[in-house]
Amino acid sequence: MAERTTLIAGNWKMNASSEMAVNLIDGLLTWPGKPGVEMLVCPPSPYLGPVGAMISESDIRLGAQTCHPNASGAHTGDVAAEMLADLGCSYVIVGHSERRADHGETDADVHAQAEATHRAGLSAIVCVGETEAERDAGKTLDIVGAQVANSVPDGATAENTVVAYEPVWAIGTGRTPTSDQVQEVHAAIRSGLKERFGDAIASGMRLLYGGSMKPSNAAELLALADVDGGLIGGASLKAEDFTAIADAAG
Ligand code: 13P
């Protein structure tokens, strides 16, 4: 099996203030690090510059929560991947289920955002996941497989693309799938990627789990064969919890 660096990514969503960002980053900067574990923070876009400055001397990476497909132009309120690269981002989360729900983003939109991320030289974290109704109907693997196929662009490599499996019903609910369910979906994602991109790319690509990951369940989830990290919401807002999750990796 290819060696994959574990990625522990914090998605702050629409949560921050200047004071909160300083306190949280101060806490994260006390984390001594762990070999084979990469820590990433994704604050809301107004805080990317200040947070980037706070972590610039550290190994903590900076990421954004979305981007527009275009590099510039008349798109009021939107942010281009090139701007995110200019601000020091390494990653862009695309296709989070909250963007799919709040902004009607489709797989085609997510595909275009991932391409824009690649064009800017950044890595895309492409999010997929089924709703509870879809899981109950036994459609999880079909839904997730189609989302991956239609959202991940042809230029994807192990370096520029990460896939995050986030069951919609597990986000912010305290509920998680069983370890067997998570591994089943991750194995299916990797096998779909293998068919399309070949063994070398697919076995090097990181697959994250997201949805109510916390210190008490992180070790079990992160130990699964095809889970290469976590995309963490609520627990990424507390330095103690986020670093405990990073410590549980590997
Ligand atoms: P929670 O960790 O709060 O469930 O959020 C998960 C998520 O959506 C991360 O992108």
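Order of listing sets the numbers, starting from 1, for every ligand and every atom in it. Numbering starts at 1 and runs along the sequence shown.
Panel note: side chain H68, backbone N70; a donor-acceptor pair is recorded below 3.5 Å. In terms of modelled atom types and a separation under 3.5 Å, the side chain of N217 and the main chain of K214 share a donor-acceptor contact.
In this structure, the side chains of R99 and I93 stay at 4.5 Å or more apart for every pair of heavy atoms. Contact of the L24 side chain with the F242 side chain is not registered, since no non-hydrogen atoms from C-beta on lie closer than 4.5 Å.
Taking every non-hydrogen atom of G211 and a distance limit under 4.0 Å, the qualifying atoms of ligand 1 come out as 4 (O), 6 (C). For ligand 1, the atoms lying closer than 4.0 Å to a non-hydrogen atom of G234 are 1 (P), 2 (O), 3 (O). The contact set between ligand 1 and L231, taken as ligand atoms under 4.0 Å from a residue heavy atom, comprises 9 (C), 10 (O). Counting atoms of ligand 1 from 1 in the listed order, those under 4.0 Å from a heavy atom of E166 are 6 (C), 7 (C), 8 (O), 9 (C), 10 (O).
By the 3.5 Å distance cut-off applied to N or O atoms, G172 is counted among the residues near ligand 1. By the 3.5 Å distance cut-off applied to N or O atoms, A235 is not counted among the residues near ligand 1. Any N or O atom pair closer than 3.5 Å counts here, and E98 shares no such pair with ligand 1. By the 3.5 Å distance cut-off applied to N or O atoms, S212 is counted among the residues near ligand 1. Residue I232 has no nitrogen or oxygen atom sitting less than 3.5 Å from a nitrogen or oxygen atom of ligand 1, judged on distance alone.
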Open item on the list: Pair E130, K139 - check salt bridge (charged side-chain N to carboxylate O under 4.0 Å, His left out), show working.
Closed with: CA-CA 8 Å; E130 82 287 2; K139 292 186 187 155; over 6 Å; no

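Residue contacts with ligand 1, taken as heavy atom pairs separated by less than 4.0 Å, involve N11 solely via side-chain atoms from C-beta onward.
At least one heavy atom of K13 sits under 4.0 Å from some atom of ligand 1.
Counting non-hydrogen atoms of neighbouring residues, nucleotides and ligands closer than 6.0 angstrom, the CG atom of D59 reaches no more than 12 such neighbours.
Ring-plane geometry between H186 and Y165 is classed as perpendicular, the angle between the planes exceeding 60 degrees on a 0 to 90 degree scale with a lower cut at 30.
In terms of protein heavy atoms, atom 2 (O) of ligand 1 is closest to G233 N, 2.9 Å.
Look at R100 and D109 and you find no salt bridge, because none of the NZ, NE, NH1 or NH2 atoms lies under 4.0 Å from a carboxylate O.
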